[in-house]
Amino acid sequence: MPHLWNTLPRPLIGLSPMDGMTDHPYRHIQKRYGNPDLIFTEFVRVERLIAGEMKLLRELLYDESQRPIVAQVYGTAPDAFRGVAVLLCRLGFDGIDINMGCPSNSVAENGAGAGLIRTPALAAEIIAAARAGVYDWQKGATAWDVPGLAPALADRVEQSHARLPAQYRQPRDVPVSVKTRIGYDHPQVDEWIPHLLDCAPAAISLHGRTLAQAYSGSADWSAIGRTVELARGSGTLILGNGDVADRADALARADAYGVDGVLIGRASYGNPFVFCAHTANPTASGPFVAERYRRLSIAREHLLLFEKSLSTWPGYAFQRMHKHLSCYARQMPGARGLRRALLQTVDAAGAIQALDAYLAYRDHK
Ligand SMILES: Cc1cc2nc3c(=O)[nH]c(=O)nc-3n(C[C@H](O)[C@H](O)[C@H](O)COP(=O)(O)O)c2cc1C
């Protein structure tokens, strides 16, 4: 089977990983209605997976419609990355992405995520360890062979493995990539990117902000353009990310900065159409009745899948769906009332009732 990154269109337009957002139901809906070329899971901490934290497997749920799908992981312990790489291959992922960009205190302050920008030697060790794990799997390792892995979690992974289509149970090339930022407290692509390129990741996705900026200001696409120059001839693909509004914007930026692809994150909230070629962005195109039905029928499908696929997991709360419902309601006529009604719901039946009531009322006006 060919290497994932070589099978993708250029420029590729993918759904950026977003913790708390890009879970299984969200990815399914985005793929179905927007069809991004590539999808990432939320990030998962490798040390916690190895320790057997079963609920983390929820973040790694996916279905076959979401391929190609890359699992994103983070942490600081190379051995844990090696073991988790075996798990991810056994779970059938098409690629493994290492987060070196998260700015949140709980992640970066203990050296993971964007914290790794300050420890390039450890970053290199982690990439090598993940690749060694893929190699272990290609040589026949299973979850049961991962040193220190909690047995119950290994059993669950192997049960999922047994249900995979045959072609994903065979040894194949599962590439290791990195997602990062342009620097820690100042733009430093000229030092940081060559370090990463020395490790030959299959791809680098670059968010054009520093850790210190978090999400403030605007993404520096000139630093992304500079990264493309640094990577020329290396074999590593460069994906730009940050503040991309929709597909047309992604294509324009790919053209202007020469990136191999673009990731879109926040603009996809409540709106898979950001990935579509000729579909107007519903948030910008006004309150047409047909369009309103379309977005709300997607919301309905999303919330039903949310309840169906996640309600049996420990700690489930329908309220985690509220942020998505609020985004679907955005810029609808009478959005405030609709949102208020949706945010009071505690299950899928209640949310559907609120949607139906809204549509019935609006249609009579
Ligand atoms: C709520 C939220 C959660 C995020 N979680 C992750 C994550 O788990 N892994 C990651 O690499 N980036 C994460 N990001 C960063 C996004 O992938 C992306 O780099 C950033 O939002 C900029 O792209 P955008 O302007 O298109 O949203 C997150 C961003 C947001 C807003």
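Values below: all heavy atoms of this structure, side chains included; hydrogens, waters and symmetry mates excluded. Counting convention: from 1, in listed order, for ligands and their atoms alike.
Salt bridge absent: Arg232 and Glu229 never bring a charged side-chain N and a carboxylate O closer than 4.0 Å.
For atom 9 (N) of ligand 1, the closest heavy atom belonging to the protein is Gln72 OE1, 2.7 Å. Shortest contact from atom 10 (C) of ligand 1 to any protein heavy atom: Asn99 ND2, 3.2 Å. Nearest non-hydrogen protein atom to atom 2 (C) of ligand 1 is Met18 CB, 4.0 Å. Counting only heavy atoms of the protein, atom 26 (O) of ligand 1 lies nearest to Gly265 N, 2.8 Å.
Taking only non-hydrogen atoms, the option from Phe40, Tyr74, Phe43, Tyr215 nearest to atom 29 (C) of ligand 1 is Tyr215. The heavy atom nearest to atom 22 (C) of ligand 1, considering only Asp243, Val73, Asn241, is found in Asn241. Proximity annotation for atom 12 (N) of ligand 1: of Glu59, Lys179, Arg209, Lys323, Lys179 comes nearest, heavy atoms only.
Scanning both residues, Arg27 and Glu59, for their nearest heavy atoms gives NH2-O, 3.1 Å.
Side-chain atoms of Glu64 and Tyr168 include no donor-acceptor pair closer than 3.5 Å.
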**Request:** Show the numbers, then the answer: is there a ring pair (Phe, Tyr, Trp, His ring centres under 6.0 Å) between Tyr316 and Phe306?
**Result:** CA-CA 10 Å; Tyr316 169 80; Phe306 182 89; 5.8 Å; yes

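Atoms of ligand 1 found under 4.0 Å from any heavy atom of Arg266, numbered from 1 in the order shown, are 21 (O), 24 (P), 25 (O), 26 (O), 27 (O), 31 (C). Heavy-atom contacts of Ser16 reach the following atoms of ligand 1: 16 (C), 17 (O), 18 (C), 19 (O) (cutoff under 4.0 Å). Residue-ligand proximity, Asp19 to ligand 1, at heavy-atom distances under 4.0 Å covers atoms 1 (C), 3 (C), 4 (C), 5 (N), 6 (C), 7 (C), 8 (O). The distance from ligand 1 to the heavy atoms of His207 drops below 4.0 Å at these ligand atoms: 19 (O), 20 (C), 22 (C). Close contacts of ligand 1 with Tyr269, meaning ligand atoms under 4.0 Å from a residue heavy atom, involve 1 (C), 31 (C).
Ring-plane geometry between Trp221 and Tyr257 is classed as tilted, the angle between the planes lying from 30 to 60 degrees on a 0 to 90 degree scale. Using cut-offs of 30° and 60° on the angle between ring planes, the pair Tyr26 and Tyr269 is perpendicular.
Note on ligand 1: Cys102 sits outside its first shell, no heavy atom being nearer than 4.0 Å.
Remark: Thr22 OG1 to Ile29 CD1 distance equals 14.0 Å, nearest 0.5 Å.
Val157 is connected to Val86 through a chain of hydrophobic side-chain contacts under 4.5 Å among Ile, Leu, Val, Met, Phe, Trp and Tyr, so both are in one cluster.
Cation-pi check for Arg294 over Phe273 is not met; the charged atom does not lie both under 6.0 angstrom from the ring centroid and within 45 degrees of its normal.
Considering backbone and side-chain atoms alike, Pro17 places an N or O below 3.5 Å from some N or O of ligand 1.
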